[in-house]
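One structure is given here, and the rest of the page talks about it.
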Amino acid sequence: EDGNYNPLHVYANKKEICLLANKVNCLLGFKDSCDLIMRIDNELPIHKTCDLKFKGQDIMMMTKKEPSEWLGDLVDDIKYKVIMGKLPNDYKAIKNYVSEILRIAGVLDEK
């Protein structure tokens, strides 16, 4: 048992909480995952939503749709993909991804 630490787990719970949980796990006889947690945290492409290179306001400039739950869902999707290494934290790469999502949804404001 390694505590099942992965990039999403460390991002969501933050390094300090994961390290505390690891200490408890060690006391319970589980493998020490301190090095793994530190490595994952150091390799995270973002540590907060505001670290994304393409932000919610950038998305809003691409659509006439009013912001609501869909915007948060899309930003969460982008964060997940960036954190898990499925999408680079790069302005153009994220913009291209968002363009495709908005085009499929029929809400891309193609000026």
Self-check item: Pairing residues for Y91 by the ring-ring contact (aromatic ring centres under 6.0 Å, His included) criterion, not counting sequence neighbours
Solution: F54
Quiz prompt | Residues which pass side chain to side chain contact (heavy atoms under 4.5 Å, CB included) with L28, listed by chain and number, not counting sequence neighbours | solution = V24, F30
Quiz prompt | All side-chain hydrogen bond (donor to acceptor under 3.5 Å, both in side chains) counterparts of S99, not counting sequence neighbours | solution = none
Quiz prompt | D41: partners by side-chain hydrogen bond (donor to acceptor under 3.5 Å, both in side chains), with sequence neighbours left out | solution = H47
Quiz prompt | Test side chain to side chain contact (heavy atoms under 4.5 Å, CB included) applied to K23 - qualifying residues, sequence neighbours left out | solution = none
Exercise. Enter the distance from I83:CD1 to I46:CD1 here, rounded to the nearest 0.5 Å.
Key: 4.0 Å
Quiz item: Should Y97 and V107 be regarded as members of a common hydrophobic cluster, given that ILVMFWY residues are connected when their side-chain heavy atoms come within less than 4.5 Å of each other, either directly or indirectly?
Solution: yes
Quiz item: Which atom pair, heavy atoms only, marks the closest approach of L52 to V75?
Solution: CD1-CG1, 4.2 Å
Quiz item: Below 4.5 Å, heavy atoms only, C-beta onward: do L44 and P7 meet side chain to side chain?
Solution: yes
Practice problem: Please name the pair of heavy atoms, one in C18 and one in Y5, separated by the smallest distance, quoted to 0.1 Å. | Solution: O-OH, 3.3 Å
Practice problem: For E66, enumerate each residue passing the salt bridge (charged side-chain N to carboxylate O under 4.0 Å, His left out) test, keeping only those at least two apart in sequence or located in another chain. | Solution: none
Self-check item: L108 and I101, any side-chain heavy atoms less than 4.5 Å apart
Solution: no
Practice problem: Can you run down the side chain to side chain donor-acceptor pair (under 3.5 Å) pairs that involve residues 52-63, sequence neighbours left out, and say none if there aren't any? | Solution: none
Quiz prompt | Cationic N near anionic O, under 4.0 Å, R39 to D35 | solution = no
Quiz prompt | Side chain to side chain, C34 and L19, heavy atoms closer than 4.5 Å | solution = yes
Quiz prompt | Contacts of C26 that satisfy side chain to side chain contact (heavy atoms under 4.5 Å, CB included) - sequence neighbours left out | solution = N22, D32
Practice problem: Would you please name every residue forming a salt bridge (charged side-chain N to carboxylate O under 4.0 Å, His left out) with D90, sequence neighbours left out? | Solution: none
Quiz prompt | By side chain to side chain contact (heavy atoms under 4.5 Å, CB included) - contacts of N96 (at least two apart) | solution = K92
Quiz item: To the nearest 0.5 Å, what is the distance between NZ (K48) and OH (Y11)?
Solution: 9.0 Å
Quiz prompt | Residues that K65 engages under salt bridge (charged side-chain N to carboxylate O under 4.0 Å, His left out), provided they are two or more places apart | solution = none
Quiz item: Are I59 and I78 side-chain neighbours, meaning at least one heavy-atom pair lies under 4.5 Å?
Solution: yes
Quiz item: From K15 NZ over to I37 CD1, what is the distance, rounded to the nearest 0.5 angstrom?
Solution: 10.5 Å
Quiz item: Would you say the side-chain atoms of N13 pair up with the backbone N or O of V10, donor to acceptor, closer than 3.5 Å?
Solution: no
Self-check item: Atom pair NZ/CG of K14 and L20 - distance to nearest 0.5 Å
Solution: 14.5 Å
Quiz prompt | Heavy atoms from other residues, nucleotides or ligands near CD of E43 exceed 12 (cutoff 6.0 Å) | solution = yes
Practice problem: Before giving the answer on side-chain contact (heavy atoms from CB on, under 4.5 Å), spell out for L102 and W70 the whole-Å C-alpha distance, their side-chain angles and the decisive distance to 0.1 Å. | Solution: CA-CA 11 Å; L102 296 178; W70 71 268; 4.1 Å; yes
Practice problem: Determine yes or no for a side-chain-to-main-chain donor-acceptor pair under 3.5 angstrom, with N42 supplying the side chain and M38 the backbone. | Solution: yes
Quiz prompt | Distance-minimising heavy-atom pair for N89 and I94 | solution = OD1-CD1, 3.7 Å
